[in-house]
Each structure stands twice: as structure tokens, then as C-alpha cells.
Amino acid sequence: METIRFVERFIVYIEDHLREDIDFSEVLENMGVEQKSFLTIFTSLVGMTPAQYQEKRCMTEIAYEVFQGHRRLVDIIKYYGYRDVDQFKKIYSRTFGISVHETERNIKKMDLLDFISFEVVPTKQPKYKSQRAFIKSFRLIGIAQYFDINSYHSSYKYKFLKILERDGLIDEILRYNDGFVKGIFVQERVVDNEIEIFVGTASNQQTPFDETFTESMYYQIFDTSGAPDSAIDQVYEYIFRRWHFREEVNLTCDFSLELIKHTYSLDDADTKIQVWQALDE
């Protein structure tokens, strides 16, 4: 429960600095908090990254001001720290699906974020089939992409997957899949203050791709199916809001690891997926 209280306090911190350019990496480092662990927990509990939360709260406050009509739009935008009007309009449209000039007649229909709350309920009945296993380190070959931790959105991982699928690179990576686990792994961790997304497969062959190694440790492996961009997030939400409260284990969150077991299409509702949650035992 201390973790939940810290997330709640961090939300208050964002609210207190809503109009500022928050360096989340520096703030967490000063607090002595491991960045990837916090990002995983915050996103699983709140449903968005800290950067996404700050952005949507800003857009919500701007929407209210536009609706009230007491100040010029350009003054409102500058007050919330946006200097590029065209860039602001893109963010606003992406957030609410309408232009800022359509706010007044659509305010009651808009997905505004006034405050955040999340339900935490220990579960008695498992929602997903899972198993615990100790798995020794093994080699992954694939492609890495890096993102700024201060602007990272949880959707970036899935957009990267879609790009690799579109360009035929997932199929190319899978040609080298001769390891004991079949499928595409997605590993997320912090490297040099950036979020690294590594998409690869278990392989012992020499390839033209990058390589990395998993960590030897116990994992609780959760089985699910569906499009990765929704199914995976739902599993993490279950783990951090429900499952781990009834388990006498500590979670290791400085990296995350998921396995997509077939890739006919990432949009296929029958895609088999495993979430490998590392355990500190």
C-alpha cells in the first residue's frame, strides 16, 4: 500500500507543477526511485504515463478555460506553457478528437480528466491462468528503439511493434527463432535515462540484428490473448491493482517482458500473449 500512497503523492506533485516542464527523470532520481519501476507501477495504476497524465490534465484545464471564454486562446495557451500554437492544436485534437474551436458545443461529451482515482481490490479468483517458473538467462536478437523518458507514452511500444510488422521485420526476426521459447519478445527498460524497447526473439544464431540477454530469475507468467496494445495493459492493471496484494512476493519492475506467441497480425483478437512478471525471491 506504500507504493500506492507514493503514486498518489506523485500525482499531487504533478498537479502542483502542472504548467511546468517537469523533468520526470531528474525528479525520480532525486527521490531515489528507479525510473522504470515507477513508470510501470504508475502506468498500471493510473492507466497512463506521468507525461500523459500531465498533458491530459493541461488539455482539460485549457478546455474549461476555452469554454468559459474569459481569456483569448493565445493567452490561455501561453499560460500553460505552449509556445507553438500549431503544435498545441495537434495535441488538443489528438487528446479529445476535436479542434479547440469545437470545444464550446462539445464540452459535455469530451473525455476530460478532472482528477485521477484508481480502484485497488485484492482478488480471490484469478482472472488469468498463470504459472511460476525459474528461467535462466537467454539471448534475444532483434531491434531496439529509444525514447525520451520525460515524454514517453505507453502507446509508443505498440506503435513500434506495428511499424516493425508493417515493414516485414518481425517475420524476418522470427526466421532466427531457434531458442527454447517461440515467439516475439518485447522488453522495456531504462538505459542511460532513455526508455529502451527491444523487440526480438530467442536465438543462438549469428544474425544482422542487435542482441541482448534476459535476466535469470523467477517469473510469474500470465497467459492472455488479444491485440497487444490492449491485452498487455489489462494484465499489468490486474497484476498491480489486484493480484500481487494476495501474493507473498515482491515484484521486480526495473524491466518488463512480454511474449507474443504468433504474429499473423498484431490486430488479431486470437493472438496468444504472455506477460512475464519478474519476481524478487
Side-chain angles (χ1 to χ4, degrees), residues 1-8 10 28 31-47 49-50 118-140 142 144 149 152 154 157-158 179-191 195-202 211-226 228 230-261 271-281:
M1 298 301 286
E2 181 59 33
T3 299
I4 294 172
R5 285 192 288 270
F6 181 80
V7 170
E8 291 172 335
F10 200 81
L28 292 172
M31 291 179 174
V33 177
E34 202 284 318
Q35 298 171 31
K36 175 60 176 71
S37 297
F38 180 76
L39 188 65
T40 296
I41 296 167
F42 188 100
T43 304
S44 299
L45 289 174
V46 178
T49 65
F118 44 84
E119 179 188 21
V120 176
V121 181
T123 184
K124 295 181 179 179
Q125 297 297 325
K127 182 176 180 180
Y128 300 96
K129 178 183 177 183
S130 70
Q131 59 180 325
R132 189 168 303 178
F134 181 82
I135 300 177
K136 292 184 178 180
S137 173
F138 58 91
R139 177 175 178 261
L140 295 177
I149 195 169
Y152 184 69
S154 55
K157 174 166 63 177
Y158 307 114
F180 78 101
V181 182
K182 305 302 180 184
I184 282 286
F185 278 98
V186 183
Q187 179 174 263
E188 181 179 292
R189 60 182 179 174
V190 171
V191 177
I195 294 290
E196 179 196 73
I197 305 298
F198 190 95
V199 176
T201 197
E211 71 171 19
T212 189
F213 290 84
T214 65
E215 296 195 33
S216 298
M217 60 195 334
Y218 279 97
Y219 293 89
Q220 189 77 23
I221 301 174
F222 295 86
D223 290 290
T224 188
S225 62
S230 58
I232 290 174
D233 289 347
Q234 289 170 10
V235 174
Y236 281 119
E237 180 180 303
Y238 166 75
I239 292 171
F240 287 96
R241 292 190 185 186
R242 285 162 171 68
W243 178 80
H244 87 98
F245 289 106
R246 72 180 179 93
E247 299 293 323
E248 294 183 1
V249 296
N250 295 317
L251 306 182
T252 297
C253 304
D254 53 358
F255 70 95
S256 58
L257 192 63
E258 301 98 35
L259 173 65
I260 302 172
K261 302 187 74 171
T271 296
K272 303 301 181 184
I273 298 169
Q274 290 183 340
V275 171
W276 291 31
Q277 175 57 57
L279 306 177
D280 183 13
E281 290 197 343

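Note: hydrogens, waters and symmetry copies are ignored here, and every other heavy atom, side chains too, is used.
Residue G226 comes nearest to I273 through the heavy atom pair O-CD1, 3.2 Å, listed as atom of the first residue, atom of the second, then distance. Considering every non-hydrogen atom in both P126 and Y238, the closest pair reads CA-OH, 3.3 Å. The minimum heavy-atom distance linking P50 with F10 is given by the pair CB-CE2, 4.3 Å. Considering all non-hydrogen atoms of both residues, G183 and T201 come closest at O-OG1, 2.7 Å. For the pair Q35 and I149, the tightest heavy-atom approach, listed with the atom from each and the gap, is OE1-CD1, 2.9 Å. The heavy-atom pair separating S44 from R241 by the smallest distance is O-NE, 3.5 Å.
Counting only heavy atoms from C-beta outward, the side chains of F255 and E196 never approach each other to under 4.5 Å. By the 4.5 Å heavy-atom criterion applied to side chains, Y158 and D233 are counted as neighbours. Side-chain contact between I41 and F6: absent, with no pair of heavy atoms (C-beta onward) separated by less than 4.5 Å. A 4.5 Å side-chain heavy-atom check between V199 and I184 finds at least one atom pair inside the cut-off. Counting heavy atoms from C-beta outward, E188 and I195 have side chains that approach closer than 4.5 Å. Taking 4.5 Å as the limit, some side-chain heavy atom of I197 sits within range of a side-chain heavy atom of Y152. Between T252 and M217 there is a side-chain heavy-atom pair separated by less than 4.5 Å. Counting heavy atoms from C-beta outward, L251 and L279 have side chains that approach closer than 4.5 Å.
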Practice task
Please test W243 against F222 for ring-ring contact (aromatic ring centres under 6.0 Å, His included), starting from the C-alpha separation and ending with a verdict.
Solution key: CA-CA 11 Å; W243 178 80; F222 295 86; 5.2 Å; yes

Problem - Stepwise side-chain contact (heavy atoms from CB on, under 4.5 Å) check, S216 with F134 - result: CA-CA 7 Å; S216 298; F134 181 82; 4.2 Å; yes

Practice task
Show your reasoning for whether side-chain contact (heavy atoms from CB on, under 4.5 Å) applies to K127 and R242.
Solution key: CA-CA 10 Å; K127 182 176 180 180; R242 285 162 171 68; over 6 Å; no

Practice task
Show your reasoning for whether side-chain contact (heavy atoms from CB on, under 4.5 Å) applies to S225 and K261.
Solution key: CA-CA 9 Å; S225 62; K261 302 187 74 171; over 6 Å; no

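Only one option out of R132, Q131, Q277 pairs with Q220 in a side chain to side chain donor-acceptor pair (under 3.5 Å); it is R132.
Atom-to-atom distance recorded for K129:NZ and I221:CD1 is 11.5 Å, nearest 0.5 angstrom. The distance from atom CZ of F38 to atom CG of D254, rounded to the nearest 0.5 Å, is 15.5 Å. In this structure, T214 OG1 and W276 CH2 are separated by 7.0 Å, a value rounded to the nearest 0.5 Å. With rounding to the nearest 0.5 Å, the separation of CD in E8 from CZ in F42 is 11.0 Å. Note that the CD1 atom of I232 and the CD1 atom of I260 stand 5.0 Å from one another [nearest 0.5 Å]. Annotation: the span from F180 atom CZ to I135 atom CD1 amounts to 5.5 Å, rounded to 0.5 Å.
For the residue pair Q274 and Y219, no side-chain donor N or O sits within less than 3.5 Å of a side-chain acceptor on the partner. Donor-acceptor pairing under 3.5 Å is recorded for the side chains of E258 and Y236.
Ionic pairing of R189 and E215 is not present here: no N-O contact between side-chain nitrogen and carboxylate oxygen is shorter than 4.0 angstrom.
The neighbour count for Y218 OH, taken as heavy atoms of other residues, nucleotides or ligands under 6.0 Å away, does not exceed 12.
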